[in-house]
Structures are given as structure tokens and as C-alpha cells.
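We name chains A, B, ... by the order of the sequence lines, and we start the count at 1 in each one.
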Amino acid sequence: MHALEIVTLSKRYLGKRLKRVDALQDLSLEVRTGEVFGFLGPNGAGKSTTIKTVMGQIKPTAGHASIFGRPATESSSRLRVGYLPENPSFYEFLTGREYLHFVGKTFSLNNSMITEQSEHVLELLELTHAADRPIKGYSKGMVQRLGLAQAMLHDPDLYVLDEPMSGLDPLGRALVKEIIKNLKKQGKTIFFSTHITADIEVVCDRVGIIAKGRLMAVDTVENILQSGVEGYQIQVSRHGHVEELLVAKDRLKEFMAELVTSDAVVERIEPKRKDMEAFFLDIVSKEKHSAQ
Amino acid sequence: MGNFHCFYSLTVKALIRDRLVHIFSLVVATVFLLIPVFSMFSMRQVQELSITLCLSAISFILLIFTILSGASSVWRDVEKRYTASILGLPVSRAEFVLGKFSAIAVLIVASAIIMGFVSCLVITLITLRYPADIPVNWLNLFVAVSADALKYVMLLSIALLFSTMSTSFFLPFFASISVYFAGNASQEVFDYVAGEYGTTIPFLSRMIIKCVYYVIPNFAVFNMKVQAIYALPLTPAPIFYAILYFICYTGIMLCLSVWSFNRRELV
């Protein structure tokens, strides 16, 4: 059983002048238990629509989603999920601690457990000092961190995070990445959306790329990076003279064989490859061309 | 329905901490302080006028509170994107709507009780100073205030329904006010059309008026003020009818609110 399964999900809106807008088209993917899945796409690609559909906030036109085998339309399917919406907003008249208490109650945690867990997540997200202040006075980054804290409160098995790094300063981003890595170590499943490719490279096991409501590619980050190898930068030293050579991927074996027969010494070999961003831009531009 | 209580407490907290509610409470206190003064404007019926003013003040204050809190309840949470976070929790939309309704309804009833108690003090003070020939019928006063509370809880269910459908303040606010005025006049219009005058208007028009009469609420059934002001005898039948009508109409409105909010997409 997958942590999250999306089957031929489609969502069609009626836009201005009754124009049909296909926000999602036959999107299918599964997130395996214990993996970090990055959902990458440009703005307006359908990332948030997918997540909102999974969280039961939008009804799909066709297809369905399930969380640990339970239909996403059932509120009980969210019992094992920690959800952070995009640009979260919380009741401003409550303090951070009161909001966490409210969230804990909806997960049927008892008071002592809520207190204990609240302290833990507030400390983890560096919010202890602001816990008793009304949320009204929180900065954008603090609200974002509170969003992550409330998602972690009940120690869920699956995290669904919509742009978790949005609105955070570099320190906050580093903190969130560290938290995601730690959650992965604990065996938690994480499904998060982003349009920042660097985040995917650092924390994800697999990535799905979405553009204009269609899933364009799903692969492991390792495969993508490996398939993006264009050649090798080789540093060779001959009679005390060092030179840099660029060797094509398919010529590497032949080149190395030549080197062995010569008196040159290989100092360094570095793969020269496209990064995740280049891969992402390739796919998005392909989609643009096919649409034209 | 396990999370119903969470939303109930949350809404109570929201209303108690609302600065507008604090200001409104001060205005209410001032109104009740002024009632003894205004009651003395009538030289002969000071007691009757004081009861009228107290009941009118309670009615008006409950109307304002109901419209403001009911019309902005669900719509504001959607607009401020609180629902995006809240409905990502393992809660149902029915719990959310019904929890909100119950909290506001309880505050309406609590406000009616407090204002009813203050009214008793004001009326007692007045009757001690200006004794009337007819003694105050406290039971009738209690029934009149209770019926008013039921009326506004019912209006709340209507405001909530509009709030679940709306994307702005205007529909729930103005539609609720319109329904309130129409609901207060519906019985009179119906009686008028059912009388001799009705024979002069086309059959189709009469049918339409009849249909509208049954669809919009009939707030006249909750009006027991005259019995309270003049200590007239009150039979149990209209009270039971009012309670039954309240249960049925409010129940239908709540079912429609839940259905409407369940269909709503939180884009």
C-alpha cells in the first residue's frame, strides 16, 4: 500500500466567459512509504490544485486519490497526515500555543500529550519565545514555521507540504530542509511541492514534474542527475605540466585507455552534468513547444 | 462529530475576544441604563413603556449581534484562508458549520438571558417608583424573551446558510436583513391576501404569495411581546407551535448549510 496514491485525477474549472480551464489532466502518481517526493512545477502548473484535491478541499472532475488506502474524500483519511497549506493563515486571535492545542484536540490527543508535543515542535521550529503571543503579531516566516509545527504535532506518517520553504529566510529554509531530512531518517513519508529545483536536489528521493496540469516526468533524483551527465572534466598532469580536458560521455573509456598507455597521470575526474534546474527547464520548454 | 466541540470552543473564543463585541457590549449597557429615563416620558404607562423598551432593546441588540456574527461566520474564515488550514485536519465540514452555529446560538441565548435579567431589574426599579394597576407578569416576560431568542437563533441559521454560499460580506448581510424584514411581514401579507382583498387579485399571484409565505420564515409566531407588556393570558398552544416551527425551520436551514458548504470548493 502506498502512502499516497493519485489515479487519473482531472480537474476542470469554468473560467471567465464560461471558458473551460483544465487545471489537472489525468494525473496519476504514487508516493511510496518512507520516501521524500518532490512535486516540482512552475507557478500555475497545478501543484496546489493537486494537493488541495488530495486534502479533500477540491472535488476532482474525474479520478480519485487515497491516503494509506483510504479515499481522500473521507476526513478520517487525514488522521495520519500532517498538512501545511500554501501561505498558511491561522486564527489571529489565538496564540501559537492555543492553536497547537486546537490542532491536537482535532487529532484526539490528550492534554498532557498536546502540552508535551507542543513544547517539542515549538522548540524544533524555534518558536518557543513567541508561543504565548497572538498569531496576529507573527511575521510571515513565523506563521510558516507555525504551519510546519502544527503539521508535526501529532507525529504523522505522511507529510503533505505545499511550498514549505515559501516566505522563509535562508536560516529558516535551512532549518526546514534539516527537519525534512530528519523526518526521512525516522521513516516518514513526505510529499512536498516547490518550484525551487535546488530544494529537490537536496532533500528528495523522487521528483514529479508537472506543467499545465499534466505530469510530465517522474523519476528518482539520482537517475535525473545521472542521466544529465554530458561529459567529464579531467585534470591530467604530464611531466609536471597540468592540463584540463573535457571528454564526451561516450569517449571516456577510450580516453582512459589512451591515458594508461601514455605517461600522463590523472589528477581529477569530475562529471559535467545538467543540474535539476536544467532538467526541469528542458521539460517545461518541451511542454510549451508541444502546446504550440 | 468528535470535533464539533473544538469548533464550538474556537468560535466562542473568537467572539469573546472580538473588539467589536466589546464595544457593542458597552453600547448595550448604555442602552439599558437609559431605559428608566426614557420610560418616564410616558406619564401614565411607565411600567408598560419600560417593558416595551426593554423587549425592543433586547430584540434590536440580538438582531445586530445575529446578523453580524452569523453573516460573517463561514464566509470570513474562507476569505481569510483559515479554512485551508482547518479543513486539512481530520474534521468534517459538517462539524465546522455546526460547531460555529452552536457557539453563536449559545451566545445569543446567553445574551438574551443576561439582558432579560437586566430588564427584570430595570422593570422592578420602575414599578417600585411608579406602581401600575396591572402587576407585571414575569412568566410572560420570560416567554417573550425566550421566543425572541429562538427567533434570532433561527435567523442565525439563515444567515449561516447565506454565509456558506457567499464569497463576500454583501450577500449574507443584506440577504439576512431582507429575510428578517420579509419574515416579520409575511403573516400580515398572507392574512391580507387570504381575506376579502385576495379575491380581487389573480389566482397565480395568490399562489406565488402562498409559496413565498411557506418558504420564507414566519417570525410573527415568535412575537409574544403584547402578552408580556399588558400581562395578557398566554396559552400553551402558540408556545409549542413556535418551538416546533423553530426546530423544523432551523433544522432544514442547517441541513442546507452543511450541504452547501460540503459542495463548496476551497480554491
- If you count heavy-atom pairs under 4.5 Å between each of H154(A), R80(A), E98(A), Q150(A) and chain B, which one has the most? E98(A)
- Task: Using non-hydrogen atoms and a 4.5 Å limit, figure out which bit of L94(A) sits close to chain B: side chain, backbone, both or neither.
- Result: both
- Heavy atoms only, distances under 4.5 angstrom: which of F90(A), Y91(A), Y83(A) has the most pairs with chain B? Name it, please. Y91(A)
- What part of T83(B) is in contact with chain A, defined as an atom under 4.5 angstrom from a non-hydrogen atom: side chain, backbone, both or neither? backbone
- Item | Closest approach of K59(A) to R263(B) (non-hydrogen atoms, all atoms of both residues) | NZ-CA, 4.1 Å
- Message: Please determine whether a side-chain nitrogen of the Lys or Arg among K105(A) and E95(B) lies less than 4.0 Å from a carboxylate oxygen of the Asp or Glu.
- Response: no
- Give the member of S75(A), P85(A), P88(A), S77(A) that has the highest number of heavy-atom pairs under 4.5 Å with chain B. S75(A)
- Item | Part of N87(A) lying under 4.5 Å from any heavy atom of chain B | both
- Item | Portion of K52(A) that has a non-hydrogen atom of chain B nearer than 4.5 angstrom | side chain
- Task: Evaluate the side-chain proximity of F107(A) to L89(B): yes if any heavy-atom separation is below 4.5 Å, no if none is.
- Result: yes
- Separation of E265(B) CD from K11(A) NZ (nearest 0.5 Å): 3.0 Å
- Task: Nearest 0.5 Å please: distance from the CG atom of L10(B) over to the CZ atom of F102(A).
- Result: 5.0 Å
- Message: I'd like to know if the side chain of R17(B) reaches the main chain of F93(A), judged simply by a donor and an acceptor atom lying under 3.5 Å from each other, with no hydrogens or angles considered.
- Response: yes
- Task: Sort D18(B) into side chain, backbone, both or neither according to what part of it lies under 4.5 angstrom from a heavy atom of chain A.
- Result: neither
- Under a 4.5 Å heavy-atom cut-off, does chain B meet the side chain of E74(A), its backbone, both or neither? neither
